[in-house]
Amino acid sequence: MTYLWIAGAVGVAVAAVLALLRQRARKSLLAPTLVGSVGAFLLVGGWLFVADPNAPKNEAVKTGGLAAGAIVALYALWLNDRRRHTDEERQRVEQARHELESARAEHDRSRVADERFARSVELLGHEAEQVRVGAMHALAGLARSRPEYAQTALDLLCAYLRRPFNPAADPRERTPEEERELEVRLTAQRLIADLLPRADAEGAPRYDLNLTRAHLEYFDISHRQVGELMIRAARMVESNSFHHAVVHGDAWFTDSESPGRLHLHDVVFHRKGWFSRFRCGGRADFARTRFRGPDKFADAEFTGPVSFHEAEFAEPADFTGTRFAGDADLRLRAPAGFRAHGARVSPERENRLPDGWPGVEEVA
């Protein structure tokens with residue numbers, strides 16, 4: 001039986017060489033595996049015959065079969081490992097391709113959005129009012145679908161409202177051109193309110209509004225929240241509503257005028273609330289408004305009814321030179337040390353003053 005294990009040894013050696021050559025050529029290792037398994041069977045079985053001639057031959061055959069099976073099992077494990085690596089590599093390639101396609105699609109969407117944005121900005125200057133209205137709606141739609149454009153869209157809508165516009169004070173005396181322009185402006189105002197998050201929305205983005213020198217008519221951002229609110233030297237006619245709004249940044253109403261109704265009740269000003277030289281000819285309502293930062297009403301003038309009933313001031317406010325010529329409800333909530341030196345209240349009206357307003361002057 002000596003020739004069996006010699007033949008097996010030769011078979012194993014041949015299988016090893018063949019496996020090396022086929023591995024370098026990246027070919028299947030099935031043939032070397034079969035040759036090696038046969039060689040292992042002969043080598044182990046023949047060696048057992050030589051080592052113990054009296055041993056049962058079936059035990060030698062069984063042990064040789066186990067050796068051959070082990071070779072085949074190792075080959076199967078190696079195939080499974082290669083298959084796993086191939087699947088992982090395929091998944092990585094598919095993921096990379098998917099990411100590339102997603103990046104390409106996002107780039108295409110950004111390019112289309114930029115083109116829509118540029119076109120909308122261009123159409124804001126169109127002479128036809130319906131075209132300008134369409135451009136505003138396109139800007140608002142773009143801001144809703146791509147939030148990174150929201151602040152820019154709001155800036156453009158505010159810029160449109162800052163364009164010079166001086167219609168007749170009496171609506172019945174306005175020209176058709178003024179009425180059409182007013183419709184466009186009302187659209188801009190409504191879209192601004194629609195783009196602002198609700199006041200009770202937690203974690204919402206804070207957008208700034210710059211309405212310096214704007215003409216506002218029926219402007220309504222009630223129950224909305226904004227970042228900085230700048231309404232300097234603006235003219236607010238008819239009725240304008242800010243009630244129940246939340247202003248996270250500074251609020252500037254300096255040098256503005258409101259011949260119409262002004263609804264500022266239940267507003268929360270987290271920072272500055274500046275109303276210096278503010279002139280209000282209609283009804284103004286500041287009831288229950290909370291001023292949590294520094295405030296200033298110096299040289300403001302309220303010729304119509306005004307209410308500060310239960311308005312809260314976290315810091316002493318400056319009412320120097322403030323004039324209340326109409327009915328005034330000044331029963332506000334103020335901190336210790338609050339002063340209203342220089343405020344002037346008309347004695348001919350029903351004016352309600354709280355205790356602790358030293359220096360209030362009654363003027364006819």
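Worth knowing before you read on, the calculation uses all heavy atoms, side chains too, and leaves out hydrogens, waters and symmetry mates. Computed from a predicted model, the values in this text were never measured in an experiment.
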Which of parallel (below 30°), tilted (30 to 60°) and perpendicular (above 60°) describes Phe297 and Phe286?
perpendicular

To the nearest 0.5 Å, how far apart are CD in Glu88 and CZ in Arg83?
13.0 Å

If you count heavy atoms of other groups shown closer than 6.0 angstrom to CZ of Arg283, is the number above 12?
no

Do the side chain of Arg213 and the main chain of Ala233 share a donor and acceptor less than 3.5 angstrom apart?
no

Which atom names give the shortest non-hydrogen contact between Gln151 and Arg206, and what distance separates them?
OE1-O, 4.4 Å

Tell me whether Val121 is reachable from Leu191 by hopping between hydrophobic residues (I, L, V, M, F, W, Y) whose side-chain heavy atoms are closer than 4.5 Å.
yes

Please check if the number of heavy atoms outside Asn166 that lie under 6.0 Å from its CG is greater than 12.
no

Is there a side-chain contact between Leu216 and Val237, using heavy atoms and a 4.5 Å cut-off?
no

Between atom CD of Gln189 and atom CG of Asp220, what is the distance when rounded to the nearest 0.5 Å?
9.5 Å

Among Arg235, Arg232, Arg277, salt bridge (Lys or Arg N to Asp or Glu O under 4.0 Å) partner for Asp255
Arg277

When rounded to the nearest 0.5 Å, the distance separating CZ of Arg92 from CG of Asp87 is 10.5 Å

Salt bridge (charged side-chain N to carboxylate O under 4.0 Å, His left out) between Arg172 and Glu178, intermediate numbers included
CA-CA 11 Å; Arg172 294 171 296 183; Glu178 291 175 342; over 6 Å; no

Distance check, rounded to the nearest 0.5 Å: Glu315 atom CD versus Lys296 atom NZ?
13.5 Å

How far apart are the C-alpha atoms of Phe219 and Leu186, what are their side-chain angles, what is the distance that settles it, and do they pass the side chain to side chain contact (heavy atoms under 4.5 Å, CB included) test?
CA-CA 8 Å; Phe219 185 61; Leu186 291 176; over 6 Å; no

For the residue pair Ser241 and Tyr218, establish whether any side-chain heavy-atom pair is separated by less than 4.5 Å.
no

Identify whether Val246 and Phe313 are in the same connected component of the hydrophobic contact network (ILVMFWY, side-chain heavy atoms under 4.5 Å).
no

Transitive ILVMFWY side-chain link Met230 to Ile192, under 4.5 Å:
no

Salt bridge between Glu122 and Arg119, side-chain N to carboxylate O under 4.0 Å?
yes

One should read off an interatomic distance between Ser276 OG and Phe253 CZ, to the nearest 0.5 angstrom, of 12.5 Å

Any chance you could lay out the salt bridge (charged side-chain N to carboxylate O under 4.0 Å, His left out) test for Glu312 and Arg290, step after step, and finish with the verdict?
CA-CA 5 Å; Glu312 298 181 14; Arg290 286 171 285 175; 5.3 Å; no

Under 3.5 Å, is there a donor-acceptor pair between the side chain of Gln225 and the main chain of Ala201?
yes

Hydrophobic clusters here meaning ILVMFWY residues chained together by side-chain heavy-atom distances under 4.5 Å, can you tell me if Met236 and Val247 are in one?
yes

Look at the aromatic rings of Phe269 and Phe275 and report parallel, tilted or perpendicular, splitting at 30° and 60°.
perpendicular

Evaluate the criterion side chain to side chain contact (heavy atoms under 4.5 Å, CB included) for residue pair Asp200 and His223; output intermediate values, then yes/no.
CA-CA 8 Å; Asp200 56 359; His223 296 278; over 6 Å; no

Looking at Arg224 and Ala199, would you say the former's side chain and the latter's main chain have a donor-acceptor pair under 3.5 Å?
no

Taking Glu94 as the fixed residue, which of Arg97, Arg90, Gln91 is the one that meets the side chain to side chain donor-acceptor pair (under 3.5 Å) rule?
Arg97

Of all heavy-atom pairs linking Arg132 and Glu127, the shortest is NH1-O, 3.1 Å

Would you say Ser222 and His263 are linked by a side-chain donor-acceptor pair, where the criterion is simply a distance under 3.5 Å?
no

Determine, stepwise, if the pair His215 / Glu181 fulfils side chain to side chain contact (heavy atoms under 4.5 Å, CB included).
CA-CA 11 Å; His215 176 92; Glu181 174 62 19; over 6 Å; no

Linking I/L/V/M/F/W/Y whenever their side-chain heavy atoms sit closer than 4.5 Å, directly or via other members, would Leu196 and Ile231 fall into one cluster?
yes

Could you walk me through whether Arg288 and Glu310 satisfy the salt bridge (charged side-chain N to carboxylate O under 4.0 Å, His left out) test, starting with their C-alpha distance in whole Å, then the side-chain angles of each, then the deciding distance to 0.1 Å, before giving a yes or no?
CA-CA 5 Å; Arg288 298 174 302 280; Glu310 294 189 349; 5.6 Å; no

Go through Val268 and Phe291 one step at a time and tell me if the side chain to side chain contact (heavy atoms under 4.5 Å, CB included) criterion holds.
CA-CA 6 Å; Val268 180; Phe291 296 88; over 6 Å; no

Is a donor on one side and an acceptor on the other found under 3.5 Å between the side chain of Asn210 and the backbone of Thr212?
yes

Minimum side-chain heavy-atom gap Asp299-Thr322 below 4.5 Å
no

Looking at Arg180 and Glu129, is there a salt bridge between them, counting it only when a charged N and a carboxylate O are closer than 4.0 Å?
yes

Please answer whether the main-chain N or O of Glu228 pairs with a side-chain N or O of Asp208 as donor and acceptor at a distance below 3.5 Å.
yes

Looking at side-chain heavy atoms only, is the closest gap between Leu262 and Phe278 below 4.5 Å?
yes

Residues Pro197 and Ala204: closest non-hydrogen pair is CB-CB, 3.5 Å

Minimum heavy-atom separation for Ala150 and Ala143, please, with both atom names.
CA-CB, 3.6 Å

Hey, does the side chain of Ser307 reach the backbone of His309 with a donor-acceptor pair shorter than 3.5 angstrom?
yes

Check whether any side-chain heavy atom of Thr289 lies under 4.5 Å from a side-chain heavy atom of His243, and answer yes or no.
no

Measure centre to centre between the rings of His265 and His244, then say whether the value is under 6.0 Å.
yes

Is Leu124 close to Leu139 at the side-chain level, that is, under 4.5 Å between some pair of heavy atoms?
yes

Would you compute the distance between atom CG of Leu229 and atom CD1 of Ile221 and round it to the nearest 0.5 angstrom?
5.0 Å

Side chains of Asp285 and Leu264, heavy atoms from C-beta outward: is any pair under 4.5 Å?
no

Whether Phe324 and Phe302 hold their rings parallel, tilted or perpendicular, with breakpoints at 30° and 60°
parallel

